[in-house]
Student: 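Once you've had a glance at the structure underneath, I'll fire off some questions.
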Amino acid sequence: MIDLRLLREDPDTVRASQRARGADESLVDQLLAAEERRRSGIADFERARAEQNALGKQVAKASGEQKAALLATTRELAEKVKALKADSDAAAAELDQLTLRLDNVVETGTPPGGEDDYVVLREVGTARDFAAEGITPRDHLELGELLGAIDTERGAKVSGARFYFLTGVGARLELALLMCAVDQAVAAGFTPMITPTLVKPDVMRGTGFLGAHSDEIYHLPADELYLVGTSEVALAGYHSDEIIDLSAGPRRYAGWSACYRREAGSYGKDTRGIIRVHQFHKVEMFSYCRVEDAHEEHLRLLAWEEEMLAKVELPYRVIDVAAGDLGSSAARKYDCEAWVPSQGRYREVTSTSNCTTYQARRLGVRERNPQAGDGSTRHVATLNGTLATTRWIVAMLENHQQADGSVLVPKALQPYVGGLDVLPAPGAAG
RNA sequence: GGAGGCGUCGCCUAGUCCGGUCUAUGGCGCCCGCCUGCUAAGCGGGUUUGGGGAUCAAACUCCAUCGCGGGUUCAAAUCCCGCCGCCUCCGCCA
């Protein structure tokens, strides 16, 4: 949600943001007009209401004929107040509708354009040259089946397409990965959280997920609840309608949860294996911080993601996502993409967004303004970033595979799988 | 699923029957000032949140806010309806 004061004082910044996103610029002027109508509506209503309050006090004191006369005027006034209230409410509702349509103002430096206009910031590590090693790399599903780690056939039997079982070492590997991520987060000062995966409409709307991409979200109409696509949703709602204290620095949470995505409109994309699934697990970093710290915090989240990628020894690149591909809440977004040998390309494994005050405004997360000193409040910034997800298993299996189909376990994960340094391939020779 | 009780400005609390000096009482905590070798005590003042107007900014002023949303009324913390949350009991199920 936009700061209406910013909109009034600096509409050009908002217009430029809309342009970079490829979104509707005229929305800015519609908002300005609606805001003006709302303010005059409120002023009219409040003037009449004040008069009514004053007369009401006289009625209480008066008696007899005097009272009867007063009642006649106040009755009339009550009608007027009611009508003005309706006008004022309508104007406010119209403004709210427009406000919800406006996406977050992008951060300076964000590449303009759409999905393909990202900028590669760096490439880290080098992809293995399987040809030089004389190996034809298997893809993650073939490896997963060989190791008894992934069962998509039975996933489909039980739950349908895009569902799977992680079995044996697959289940262990996921738990190891996520536990390792939690431990890293705790060491960095995060509070680990296991969050609800069903949330109320207000919270889902507050995080910005019920906008243009609402068909990605599972909805349970019988209970009026939504299944979260990430624990970001629950963690953003955690401090909703609260005034929190950030004087000691950002509040950092590491959420562990199942994540659910409908994957509507991705028919035929990534149908093999577990790259794109309806349900997976994720450890998500979430930070509440002061607006002036948000940029630095964003870079810290990215650094923690890269630290985690280094632990599982994956080659990856970092991209600066273009304005049109940010989603409604983010002002800036960096994705880390790991190399997937079977596809010969990089695939997203983490994503970190700086949502500035966009979510906090909708959810009512505030702090005492440290600059004002008069006890006034202001909205905080929220940021999120992936620390590990089920999808990482795809890249880990493929990058660490050996000729016989066995898979090496990265050193950092070995303590989490009972000291195993290799996932053996029982079906393969050796 | 059924029955009952409760929900007031950080915490506790008065007010709700019987609508109007409620501009929501009092205490605790907290903040500012006075007093005082220091501290404590004492004294005085302040202390919900959101919004409108005014202002360079303030002071100031107005509106809303007693769990949330409607309704009745000239007027609602107070009366009526719906919802949410917490607690107690019963039923059902692990």
Side-chain angles (χ1 to χ4, degrees), chain A residues 1-10 31-100 102 195-196 198-206 219-226 234 237-248 251 288 291 357-380:
Chain A
M1 195 191 293
I2 184 76
D3 180 354
L4 289 170
R5 204 152 299 166
L6 168 77
L7 183 80
R8 229 184 312 157
E9 284 166 10
D10 191 9
L31 272 163
L32 286 168
E35 210 262 336
E36 187 54 46
R37 277 196 298 279
R38 183 197 66 132
R39 281 195 297 157
S40 71
I42 285 173
D44 291 346
F45 159 70
E46 287 189 350
R47 214 173 298 119
R49 183 68 174 155
E51 193 184 340
Q52 186 188 28
N53 283 344
L55 278 174
K57 276 174 196 152
Q58 291 179 38
V59 172
K61 282 183 241 168
S63 59
E65 257 178 59
Q66 206 186 359
K67 186 161 185 165
L70 275 171
L71 282 180
T73 41
T74 49
R75 242 187 290 270
E76 228 173 276
L77 188 57
E79 285 302 313
K80 186 177 157 195
V81 167
K82 209 171 168 181
L84 286 171
K85 171 91 169 109
D87 291 349
S88 163
D89 285 351
E94 192 196 345
L95 178 65
D96 283 349
Q97 279 307 309
L98 287 170
T99 303
L100 287 175
L102 189 72
T195 64
L198 287 167
V199 300
K200 297 179 180 181
D202 281 352
V203 175
M204 191 56 89
R205 199 173 305 113
H219 180 209
L220 279 64
D223 300 286
E224 205 39 39
L225 290 168
Y226 292 90
Y238 188 69
H239 284 305
S240 58
D241 295 321
E242 291 183 21
I243 296 168
I244 60 174
D245 182 7
L246 295 176
S247 58
R251 293 233 194 173
Y288 293 89
V291 280
T357 58
Y358 183 89
Q359 294 177 332
R361 278 177 201 287
R362 294 172 163 218
L363 291 166
V365 189
R366 291 163 298 153
E367 65 165 337
R368 298 286 165 197
N369 189 340
Q371 275 140 34
D374 59 355
S376 64
T377 63
R378 62 172 192 174
H379 291 93
V380 305

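Not measured: the values here are computed from a predicted model. In what follows, chains carry the letters A, B, and so on, assigned in the order in which the sequence lines appear, proteins first and then strands, with residues in each chain numbered from 1.
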Student: How many whole angstroms separate atom CG of Asp241(A) from atom P of G85(B)?
Tutor: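 In whole Å, G85(B) P lies 15 Å from Asp241(A) CG.
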
Student: With a 4.0 Å limit, can you tell me whether Arg49(A) has a side-chain N or O closer than that to the phosphate oxygens OP1/OP2 of C62(B)?
Tutor: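 Answer is no, no contact under 4.0 Å.
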
Student: Taking atom C1' in both A40(B) and A59(B), compute the distance separating them and give it to the nearest angstrom.
Tutor: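 My reading of the C1' atoms in A40(B) and A59(B) gives 35 Å.
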
Student: Provide the closest heavy-atom pair for Leu32(A) versus Arg8(A) in the form atom of the first, atom of the second, distance.
Tutor: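 Scanning both residues completely, I find the closest heavy atoms to be CD2-CA, 3.9 Å.
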
Student: Distance check needed: G85(B) C1' versus Asp202(A) CG, whole Å only.
Tutor: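 These atoms are roughly 15 Å apart.
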
Student: On a whole-Å scale, what distance lies between the P atoms belonging to C87(B) and C74(B)?
Tutor: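 So the two P atoms sit 42 Å from each other.
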
Student: What distance, rounded to whole Å, do you find between the two C1' atoms, one in C12(B) and one in G29(B)?
Tutor: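 Per the computed distance, 11 Å lies between those C1' atoms.
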
Student: Using the C1' atoms only, state how far C62(B) lies from C68(B), rounded to an integer number of Å.
Tutor: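 To the nearest whole Å, 26 Å.
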
Student: For C86(B) versus U8(B), give the span between their C1' atoms, rounded off to a whole number of Å.
Tutor: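 Between the two C1' atoms, the distance is 16 Å.
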
Student: Of the listed nucleotides (U49(B), C74(B), C62(B)), which one gets closest to any side-chain atom of Ala50(A)?
Tutor: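 Of the options given, the side chain of Ala50(A) lies nearest C62(B).
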
Student: Look at the side chain of Thr377(A) and decide which nucleotide, out of C74(B), C62(B), U49(B), has an atom nearest to it.
Tutor: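 Among C74(B), C62(B), U49(B), the one nearest the side chain of Thr377(A) is U49(B).
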
Student: What is the distance, to the nearest angstrom, from the NZ atom on Lys82(A) to the C1' atom on U73(B)?
Tutor: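 Whole-Å distance recorded here is 10 Å.
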
Student: Is the distance from OP1 or OP2 of G53(B) to the nearest side-chain N or O of Arg47(A) less than 4.0 Å?
Tutor: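 The answer is no; no side-chain N or O of Arg47(A) sits under 4.0 Å from OP1 or OP2.
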
Student: Looking at Glu367(A) and Leu246(A), what are the two nearest heavy atoms and their distance?
Tutor: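 Smallest heavy-atom distance, with atoms named: OE1-CB, 3.8 Å.
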
Student: Go ahead and name the base partner of A76(B); Watson-Crick or wobble counts if both distances stay under 3.5 Å, otherwise write none.
Tutor: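 Its partner is none (no Watson-Crick or G-U wobble pair with both distances under 3.5 Å).
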
Student: Would you say Gln52(A) places a side-chain N or O within less than 4.0 Å of OP1 or OP2 belonging to A75(B)?
Tutor: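 Yes, such a contact exists.
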
Student: Examine the base of G51(B) for any acceptor or donor lying under 3.5 Å from a partner atom in the side chain of Glu46(A), and report the outcome as yes or no.
Tutor: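 Under the 3.5 Å cut-off, the side chain and the base do form a donor-acceptor pair.
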
Student: If A40(B) has a Watson-Crick or G-U wobble mate with both distances under 3.5 Å, name it; if not, just say none.
Tutor: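 When the pairing criteria are applied, nothing turns out to pair with A40(B), so the answer is none.
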
Student: In whole angstrom, give the distance that lies between atom CG of Asp44(A) and atom P of G52(B).
Tutor: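 Spelled out: CG on Asp44(A) to P on G52(B) is 14 Å.
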
Student: Considering Watson-Crick and G-U wobble pairs with both distances under 3.5 Å, what does U23(B) pair with?
Tutor: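 Pairing partner: none.
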
Student: If we call it a pair only when both distances are under 3.5 Å in a Watson-Crick or G-U wobble match, what pairs with A64(B)?
Tutor: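 Result: U49(B).
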
Student: Can you check the Glu76(A) CD to C74(B) P distance for me, whole Å?
Tutor: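 Computing the Glu76(A):CD to C74(B):P distance gives 13 Å.
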
Student: On RNA chain B, nearest-nucleotide positions of Leu71(A) versus Ile243(A): which is more 5'?
Tutor: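 Whichever sits nearer the 5' end wins; that is Ile243(A).
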
Student: Would one find a side-chain N or O of Arg368(A) under 4.0 angstrom from OP1 or OP2 of U49(B)?
Tutor: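 Looking at the OP1 and OP2 atoms of U49(B), one of them is under 4.0 Å from a side-chain N or O of Arg368(A).
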
Student: Between Glu35(A) and Arg38(A), is a salt bridge (charged side-chain N to carboxylate O under 4.0 Å, His left out) present by the stated rule, with each step listed?
Tutor: CA-CA 5 Å; Glu35(A) 210 262 336; Arg38(A) 183 197 66 132; 3.7 Å; yes

Student: Calculate the interatomic distance between Lys85(A) atom NZ and G70(B) atom C1'; express it in whole Å.
Tutor: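 Computing the Lys85(A):NZ to G70(B):C1' distance gives 12 Å.
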
Student: Between G19(B) and U72(B), how far apart are the two C1' atoms, rounded to whole Å?
Tutor: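 Going atom to atom, C1' in each nucleotide, I get 12 Å.
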
Student: Looking only at non-hydrogen atoms, find the nearest pair between Tyr358(A) and Leu102(A) and report the distance.
Tutor: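 Answer, listing the atom of Tyr358(A) first, then Leu102(A): CE1-O, 3.6 Å.
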
Student: Search all heavy atoms of Leu98(A) against all heavy atoms of Ala34(A) and return the closest pair with its distance.
Tutor: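 Where Leu98(A) meets Ala34(A) most closely, the heavy atoms are CD1-CB, 3.7 Å.
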
Student: Who is the Watson-Crick or G-U wobble partner of C9(B), with both distances under 3.5 Å?
Tutor: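 Its partner is none (no Watson-Crick or G-U wobble pair with both distances under 3.5 Å).
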
Student: Once you round it to whole Å, what is the distance between P of G53(B) and CD of Glu51(A)?
Tutor: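 Glu51(A) atom CD is separated from G53(B) atom P by 20 Å.
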
Student: Counting only side-chain nitrogens and oxygens, does Arg39(A) get under 4.0 Å of the OP1 or OP2 atom of G53(B)?
Tutor: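 Answer yes for this pair, as a side-chain N or O of Arg39(A) is under 4.0 Å from OP1 or OP2.
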
Student: Give me the distance, rounded to whole Å, that separates G20(B) from C32(B) when you measure between the P atoms they each carry.
Tutor: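 Straight-line distance between the two P atoms is 39 Å.
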
Student: May I have the distance from Arg38(A) (atom CZ) to A64(B) (atom C1'), rounded to whole angstrom?
Tutor: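 In whole Å, A64(B) C1' lies 13 Å from Arg38(A) CZ.
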
Student: Using a cut-off of strictly less than 4.0 Å, decide whether Asn53(A) has a side-chain nitrogen or oxygen near OP1 or OP2 of A75(B).
Tutor: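 No, because none of the side-chain N or O atoms of Asn53(A) sits under 4.0 Å from OP1 or OP2 of A75(B).
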
Student: Identify, between Ala54(A) and Asp89(A), the residue whose nearest nucleotide on RNA chain B lies closer to the 5' end.
Tutor: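 Nearest nucleotide further toward 5': that of Ala54(A).
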
Student: Measure across His379(A) and Ala360(A) and return the closest heavy-atom pair with its distance rounded to 0.1 Å.
Tutor: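 Scanning both residues, the minimum pair turns out to be CD2-O, 3.4 Å.
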
Student: Where does the angle between the aromatic ring planes of His219(A) and Tyr226(A) fall among parallel (under 30°), tilted (30 to 60°) and perpendicular (over 60°)?
Tutor: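 His219(A) and Tyr226(A): parallel rings.
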
Student: Work out how far the P atom of G4(B) is from that of C80(B), and round it to whole angstrom.
Tutor: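 That atom pair is separated by 15 Å.
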
